[in-house]
Amino acid sequence: KLPILLLPTAKSKNEPSKRPASASQQTQRHTFTIPNDLRQKLAKLAKQQQTTLFTLLHTAYAVLLHRRSQQTDLLISTPVIGRQQAKQIRTIGSFINMLPLRVQLSPHQPFTHLLQQQDGIVTTALNHQRYPAHQMLTTKGAAAQTALIYQQPPRRLRPLVSKLLNPLETAPLQFGDLTITNLDFDQAQGLLDAVVELTDLNGELYGSVRYRPDQFDAHDISCLMRQ
């Protein structure tokens with residue numbers, strides 16, 4: 001049986017909160033930044049443990065959810081590109097699949113031990129990334145209620161992405177002959193109640209949390225990200 005995340009929230013008076021029977025498709029967004037000095041420390045730890053920064057961030061998010069919910073069995077999805085075959089590389093279209101990663105931890109387990117455990121799980125899961133995750137989750141009677149997305153833009157796109165992430169940048173941007181306007185809009189999340197997105201850019205991690213306001217309020221998310 002797959003785990004279901006039950007986070008205490010203000011709406012549930014800090015009791016474990018069950019998902020509403022009919023979840024809203026509306027979302028709100030909370031932004032934050034992990035500064036350069038902390039990002040460097042995280043990257044150094046990942047290198048020392050011979051793992052990736054993504055695996056470290058995913059594991060840290062699991063520990064954060066554990067501290068908030070007291071649950072020791074968690075399911076956190078992440079998107080994978082889904083282009084495993086050479087012929088798919090130049091094919092137009094989206095092959096992205098949400099890959100659920102299970103985290104089973106002990107309250108007294110050292111973080112580095114959990115990190116090594118998750119490094120093996122991530123590697124194994126990537127070898128099975130073509131499995132239809134949505135089918136597996138619905139068959140097992142659970143929903144992957146949260147996800148963590150880590151992305152590092154290609155070098156040639158970093159100036160553009162940097163401007164798009166700047167909340168003070170409101171004017172249209174020119175990218176060659178293309179004019180780009182930054183729009184903030186409600187984004188449907190399907191089965192997900194909260195999505196943490198981290199963009200690795202200019203030595204910092206720019207964070208964004210998309211969440212359902214019928215499940216969480218702004219204070220819940222703000223407190224969670226400050227821990």
Side-chain angles (χ1 to χ4, degrees), residues 5 29-69 72-84 89 95-106 109-129 133 144-167 189 192 194-211 221-222 224-227:
L5 180 63
R29 186 167 68 128
H30 170 82
T31 59
F32 62 96
T33 302
I34 296 177
N36 177 268
D37 57 342
L38 180 54
R39 192 263 179 214
Q40 287 185 354
K41 291 177 181 178
L42 295 172
K44 182 179 179 180
L45 177 59
K47 186 176 181 180
Q48 289 173 345
Q49 297 298 315
Q50 299 182 327
T51 188
T52 64
L53 182 56
F54 162 75
T55 301
L56 187 146
L57 292 169
H58 190 276
T59 305
Y61 183 43
V63 172
L64 188 65
L65 294 176
H66 159 69
R67 288 179 177 176
R68 185 65 178 156
S69 68
T72 57
D73 195 1
L74 301 162
L75 199 63
I76 306 171
S77 290
T78 193
V80 287
I81 195 167
R83 295 175 182 265
Q84 293 179 289
I89 295 177
F95 293 85
I96 292 175
N97 187 28
M98 292 301 289
L99 187 67
L101 299 174
R102 195 168 189 173
V103 185
Q104 294 176 304
L105 52 82
S106 167
Q109 184 178 15
F111 180 78
T112 52
H113 291 185
L114 179 62
L115 184 59
Q116 291 300 319
Q117 169 188 305
Q118 291 308 117
D119 182 74
I121 288 174
V122 170
T123 301
T124 301
L126 288 173
N127 292 332
H128 298 86
Q129 62 178 277
Q145 296 158 288
T146 188
L148 183 136
I149 302 172
Y150 168 79
Q151 55 188 350
Q152 188 174 49
R155 188 177 299 274
R156 69 182 186 279
L157 294 180
R158 289 176 190 174
L160 173 63
V161 176
S162 181
K163 289 184 177 181
L164 291 174
L165 289 173
N166 184 355
Q189 300 199 156
L192 299 169
V195 177
V196 179
E197 184 173 339
L198 295 168
T199 302
D200 197 342
L201 188 67
N202 301 330
E204 296 183 320
L205 289 168
Y206 295 87
S208 172
V209 185
R210 287 273 182 185
Y211 62 94
I221 300 300
S222 178
L224 184 65
M225 291 298 108
R226 284 202 305 265
Q227 290 186 9

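Partners of I149 according to the side chain to side chain contact (heavy atoms under 4.5 Å, CB included) rule, which considers only residues two or more places apart in sequence or in another chain, are P79, V195, E197. Taking the side chain to side chain donor-acceptor pair (under 3.5 Å) definition, one finds that R67 meets it with nothing, sequence neighbours left out. Not a single side chain to side chain donor-acceptor pair (under 3.5 Å) links T78 to another residue, sequence neighbours left out. For T72, the side chain to side chain donor-acceptor pair (under 3.5 Å) test picks out no residue, with sequence neighbours left out. Considering only residues two or more places apart in sequence or on other chains, L38 meets the side chain to side chain contact (heavy atoms under 4.5 Å, CB included) condition with I34, P35, L42. Applying the side chain to side chain contact (heavy atoms under 4.5 Å, CB included) criterion to I121, with sequence neighbours excluded, gives Q117, Q118. With sequence neighbours excluded, the residues forming a side chain to side chain contact (heavy atoms under 4.5 Å, CB included) with Q152 are R39, Y150, R158, D200, listed by chain and number. For the side chain to side chain donor-acceptor pair (under 3.5 Å) test, no residue two or more places apart in sequence or in another chain qualifies with Q104.
Heavy-atom minimum distance, S77 versus P100: OG-CA, 3.7 Å.
Other residues, nucleotides and ligands place more than 12 heavy atoms under 6.0 Å from the CD atom of Q48.
In this structure, the side chains of Q116 and L114 stay at 4.5 Å or more apart for every pair of heavy atoms.
Note on residues 40-59: pairs passing ring pair (Phe, Tyr, Trp, His ring centres under 6.0 Å), not counting sequence neighbours, are F54-H58.
Of the inter-residue distances, the one linking T146 atom OG1 with L74 atom CG reads 9.5 Å to the nearest 0.5 angstrom. Residue Q109 holds its CD atom at 10.5 Å from CG of L115, rounded to the nearest 0.5 Å. Atoms CG and CG, from L75 and L5 in turn, are 9.5 Å apart once rounded to the nearest 0.5 Å.
For the side chain to side chain contact (heavy atoms under 4.5 Å, CB included) criterion with L224, the lone passing option out of V196, V209, L64 is L64. Considering T124, T52, T51 in turn, T51 is the only one that fulfils the side-chain hydrogen bond (donor to acceptor under 3.5 Å, both in side chains) rule with D119.
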